[in-house]
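First comes the structure, then the notes that go with it.
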Amino acid sequence: MKSDPFIFFKSAAIYLFVIIFGTVGCSLIYMIYSLCTGLVAGQGFTMFNMDHFVNGMFLSAPVVIVLSSIFMVLYFIRHRASGIGIFIVFGVIYAVMWIAVIPLIISSYKDYKEEIIKSDKAVVLSTGYFRDNGNQIFYYSKISNQNVASGVCIDKYSAEKKFRTFKNVQLPYTAKFNDPLIQESVKIPVLLELSIGAVNELNRMMEFFTSNGILSWLSFCLMGCAIFCVSFIRNVSKWRLVNVCSIAFCTLAIVVFNILIFSDGLIHSMAQRINDVGTLPGKFNLSMMIFNVFVSAVLVVFSIISSRAGRSMDFAADGEDE
């Protein structure tokens with residue numbers, strides 16, 4: 001089969017298409033999610049918000065770059081791409097994205113957030129609605145621009161259903177929905193909430209390593225090396241579906257386990273013991289480095305063994321035919 005002389009340019013073009021299409025798609029999903037959580041009863045609804053869309057682009061672009069290897073390897077599996085050259089091109093582009101592009105996006109997002117915070121206006125709830133906060137029901141008759149409210153409060157669980165008036169009470173900040181009345185009406189899919197939570201945590205992790213210098217970021221890039229090594233097992237089976245599932249599962253497992261090592265929790269506390277034993281500064285996460293290097297080595301060794309085993313089976317099959 002003749003090799004395509006333009007395969008390198010096609011690979012680069014496809015990779016850029018994956019990045020652009022994935023970033024725009026995730027940004028639209030994030031914008032819709034932000035518009036839903038920012039709704040206030042009695043106020044108008046806009047179908048498009050540029051601030052939310054741009055914010056979604058900054059948040060999703062690094063994550064799309066991290067996960068872009070999945071779609072590129074799936075493309076190689078689908079079109080039976082072979083040869084070391086195409087993977088060298090893909091590896092170089094992927095490395096440049098990790099080493100240079102992702103830190104640039106994160107540093108630009110910091111400047112963007114500062115401008116947004118300066119121009120951001122507090123969301124003011126609307127009057128004339130009953131809002132249930134669990135134990136009590138509030139009716140706001142007056143709300144100032146600073147979210148200072150006056151109105152009536154009804155105790156739901158008292159025998160007499162007592163109510164009392166209040167005046168000039170500062171309304172608390174809500175972390176997810178601006179209006180609890182909207183939160184009761186709009187049900188965000190669990191998978192979407194988990195995905196956005198993972199995206200925010202991954203961005204927080206990347207922001208931590210970029211803010212601690214180039215060496216700290218390069219140590220984190222070992223995760224990118226581990227993800228890239230997943231492409232070596234793209235032909236682990238003769239069935240494409242098995243290869244596709246293996247690529248997706250291994251890539252997501254690497255990302256999720258790195259997040260669990262970095263974030264607070266049981267795995268983080270266990271990994272912290274390894275970090276305490278090492279002599280590296282706090283800006284380097286020794287347990288993450290060990291995990292990513294170990295996974296990379298295992299994937300490379302496994303790909304070599306499976307490749308040689310496949311050749312041996314082919315030779316055996318040829319011998320039987322003769």
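None of these values were measured; they are calculated from a predicted model.
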All N/O donor-acceptor pairs, side-chain side in residues 16-25, below 3.5 Å, sequence neighbours left out:
| from | atom 1 | to | atom 2 | distance (Å) |
| --- | --- | --- | --- | --- |
| Thr23 | OG1 | Ile19 | O | 2.7 |

Can you tell me which residue pairs pass the side-chain hydrogen bond (donor to acceptor under 3.5 Å, both in side chains) test with a partner in residues 293-305, sequence neighbours excluded? none
Sort and list the pairs that fulfil side-chain hydrogen bond (donor to acceptor under 3.5 Å, both in side chains) and have at least one residue in residues 60-74, not counting sequence neighbours.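 Found Tyr15-Ser68, Ser27-Ser60.
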Going from [atom1] on [X] to [atom2] on [Y], what distance comes out if it is rounded to the nearest 0.5 angstrom?
X	Y	atom1	atom2	value
Ile106	Leu59	CD1	CG	10.0 Å
Cys225	Asn292	SG	CG	8.5 Å
Asp155	Ile137	CG	CD1	9.5 Å
Lys110	Glu207	NZ	CD	5.0 Å
Met57	Ile105	CE	CD1	9.0 Å
Ile102	Asn203	CD1	CG	9.5 Å

Side-chain heavy-atom pair [X], [Y] within 4.5 angstrom cut-off:
X	Y	value
Val64	Cys26	yes
Met288	Leu222	no
Arg234	Val73	yes

Counting only N and O atoms by type, is there a donor-acceptor contact under 3.5 Å from the side chain of Ser211 to the main-chain atoms of Phe208?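 Yes, because the side chain of Ser211 sits within donor-acceptor range (under 3.5 Å) of the backbone of Phe208.
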Does Ser150 offer a backbone N or O that forms a donor-acceptor pair with the side chain of Ser141 under 3.5 Å?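 Indeed, once roles are kept as given, a pair shorter than 3.5 Å links the two residues.
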With clusters defined by side-chain heavy atoms of hydrophobic residues (ILVMFWY) lying less than 4.5 Å apart, directly or transitively, does Val230 cluster with Phe249? no
Do Ser287 and Asn285 pair up side chain to side chain, a donor and an acceptor below 3.5 Å, judged on atom types alone?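 The answer is yes; a qualifying pair exists.
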Does Leu67 form a side-chain contact (heavy atoms from CB on, under 4.5 Å) with Thr251? I'd like the steps, not just the answer. CA-CA 8 Å; Leu67 299 178; Thr251 302; 4.3 Å; yes
[X]: which other cluster members, linking ILVMFWY side chains closer than 4.5 Å, directly or transitively?
X	result
Leu191	none
Leu266	Met270
Val242	Trp239
Val190	Leu194

Inspect the surroundings of CZ in Phe71 and state if more than 12 heavy atoms from other residues, nucleotides or ligands are less than 6.0 Å away.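 No - once you tally the heavy atoms of other residues, nucleotides and ligands closer than 6.0 Å, there are 12 at most.
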Please list, chain by chain and in numerical order, all residues satisfying side chain to side chain donor-acceptor pair (under 3.5 Å) with Asn55, sequence neighbours excluded.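 Asn55 satisfies side chain to side chain donor-acceptor pair (under 3.5 Å) with Tyr30, Tyr109 only.
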Side chain to side chain contact (heavy atoms under 4.5 Å, CB included) involving [X] - partner list, sequence neighbours excluded:
X	value
Glu201	Arg204, Ile259, Phe262, Ser263
Cys245	Leu241
Val298	Phe294

Derivation of the side-chain contact (heavy atoms from CB on, under 4.5 Å) call for Ile29 and Tyr33: CA-CA 6 Å; Ile29 294 174; Tyr33 174 83; 5.5 Å; no
Test of ring centre spacing under 6.0 Å for Phe53 and Phe48: yes
Donor-acceptor contacts under 3.5 Å from residues 89-97 side chains, at least two apart:
| from | atom 1 | to | atom 2 | distance (Å) |
| --- | --- | --- | --- | --- |
| Tyr94 | OH | Val66 | O | 2.7 |
| Tyr94 | OH | Trp98 | NE1 | 3.1 |

